[in-house]
Amino acid sequence: MEICQMISGLNEAIELLKCHKNDSVHVVSHIDADGLSSAAILSQTLDRKGIEHTISCHSLDELPHIEPCELTIFSDLGSGQLHTLHKFLHSDFIILDHHHPSQGDFPGLVHVNPTRDGYDGTFEVSGSGVSYFFSRAIDERNVDLSALAIVGACGDMQDSGKLKGLNRLILEDASKNGLLSYEDDLSIFGRSSRPIHKALQYFSDPYIPSISGNERGALAFLSDIGMEVKEGEWPTLADLTFEQKRMIASEMIARALPYVPPELAKYVPLLVIGESYTLVREERGSPLRDANEFATCLNACGRNKRFKTGIGVAKGDRGSLFDEILEVLRLHRENLKSALSVITSRTHERRKEIQVFCGEGVDDTILGTVASMLLSQKGFEPYLPIVGYTSIDDDTYKISARCSRLLTFGTIHLGKAIRRAACATGGEGGGHAPACGAYLRKDRLEEFLTSFECEITIQKNQSQNPS
Ligand code: C5P
Ligand code: C5P
Ligand code: ZN
């Protein structure tokens, strides 16, 4: 089937762009890896058509401040904020997104979002994927942007086990065109850039006792399975033989299993073994060669407001912007480390179905990443959803919530829970099954947390009483 038949709204979006080929277009995208990849795909597409454009990246609370122009293209955001886009009603705009749409659809809206056609926006398609389908429908030659759409999907962590749904179609485009290769591998971050014991130390979903967050434990683990690694001669995952990887995988699974909720045990292998995606035209050893590592570079740029650097590299710059990206990555890691040490020095609250931390002092753009990292820290529960809050002004909290991907194989969908809880307490929230966020008036925090926990309880009960 043609892609325009599979995804509604694509034809309308292309027609609308044609009407504006001599106008100035504004691309508005999100601040994470998927948002930046998506912006790069659109920018490249518009460049090739000779359409002048500007790009800006925003967190969701900034959307109401964006002014309309002749044509605005929203990517990786917009669907969840339809009710805030009224001022765009008298100008033209296109939404290319994969988040759950909020109420507020209006006539004539050009809205491309595969969740409206029955696809799953958490695992089957990212914002970059939607932008890629738009781009390829404009011109088949834009197939060379497919690898970037895979980077975006990995940035949104859609690659549990392997990419599926519409992401799979994009993967085939990238592979057939010699841009990307994929193979079964260990799903460990830092495939070609981190010594294997370091990569194991940072592996946290599923949580592996005495390895996750524990460098010595990771070294001891390798020695237990007969892999002696000499200091200074650390191999990376990419250097290991198939047999060594097989041994590591089965031992990791065996060690994780006793600690996971029993009903989800069967999904553990999906988080340990999975496909790796290699951008074969990038140099060996480059952080851009592995799709997940590429995404991390873009995420670092987005979260540190270095959008031009990230988008420039995604569009192909391997000169000065590439050098900059390495510096931003270093800075991002430092920021995360200091945020983590601030939070772990405080007490946090453990409730029956959620754990809550105060993220005051942590920038709202990295609150979600910090929440994910806390799940593998001492004193935190790896299989209990975690929620953090930080001030964005005197009256408002930004909330981020995360959970292990394992829980999402059951009935947990944090995005749905936060949407309902935020709505019930006068805020706005949304997102995906393992990762979501909200904005909320400060005086409603306690009420919100109670409501969010209640939603999680309801979701958990669904697994016990499947109807
Ligand atoms: O808005 P968007 O869909 O692009 O954002 C999803 C966000 O959630 C990304 O920043 C991604 O890194 C994060 N995420 C996460 N843990 C997951 C899945 C997604 O932190 N398991
Ligand atoms: O900001 P954070 O990384 O925690 O966001 C995680 C996910 O939740 C993203 O996909 C983001 O688009 C979504 N989100 C949302 N509504 C909000 C805040 C975040 O849909 N108000
Ligand atoms: Zn996204």
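Every number for a ligand or one of its atoms is a count from 1 in the order of the listing. Because the structure is a prediction, the values reported are computed rather than measured.
- For CZ of R420, the number of neighbouring non-hydrogen atoms (other residues, nucleotides, ligands) closer than 6.0 Å is 12 at most.
- In this structure, R194 is positioned above the aromatic face of Y202, its NZ or CZ under 6.0 Å from the six-membered ring centre and within 45° of the axis.
- Every N/O-N/O distance between C403 and ligand 1 stays at or above 3.5 Å.
- The pair E447-R444 meets the salt-bridge criterion, since a charged nitrogen lies less than 4.0 angstrom from a carboxylate oxygen.
- A donor-acceptor pair under 3.5 Å is formed between the side chain of N177 and the backbone N or O of D173.
- With a cut-off of 2.8 Å, the Zn ion (ligand 3) has no N, O or S atom of D97 in range.
- Contact annotation: D32 places no N, O or S atom under 2.8 Å from the Zn ion (ligand 3).
- A salt bridge between K87 and E67 is present, with a side-chain N of the basic residue lying under 4.0 Å from a carboxylate O of the acidic one.
- Within ligand 1, counting atoms from 1 as listed, the ones closer than 4.0 Å to a heavy atom of R405 are 21 (N).
- Each of H98, H111, R116 was scored for a side chain to side chain donor-acceptor pair (under 3.5 Å) with S79, with one residue passing: H111.
- The Zn ion (ligand 3) sits nearest to atom OD2 when only the N, O or S atoms of D156 are considered.
- Taking the six-membered ring for Trp and thresholds of 30 and 60 degrees, H348 and F380 have nearly parallel ring planes, at less than 30 degrees apart.
- Distance check for H98 against the Zn ion (ligand 3): an N/O/S atom falls below 2.8 Å.
- For the pair R191 and F294, the cation-pi criterion (under 6.0 Å, within 45° of the ring axis) is not fulfilled.
- Contact shell of ligand 2 (protein heavy atoms, cutoff 4.0 Å): H30, L60, H99, R303, K398, S400, R402, E428, G429, G430, G431, H432, A435, C436, G437, A438, Y439.
- For D34 atom OD2 and D76 atom OD1, the angle they make at the Zn ion (ligand 3) is roughly 90°, to 10 degrees.
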Item to check | Steps toward ring-ring contact (aromatic ring centres under 6.0 Å, His included) verdict (F74, F88) | outcome: CA-CA 11 Å; F74 293 97; F88 287 85; 5.1 Å; yes
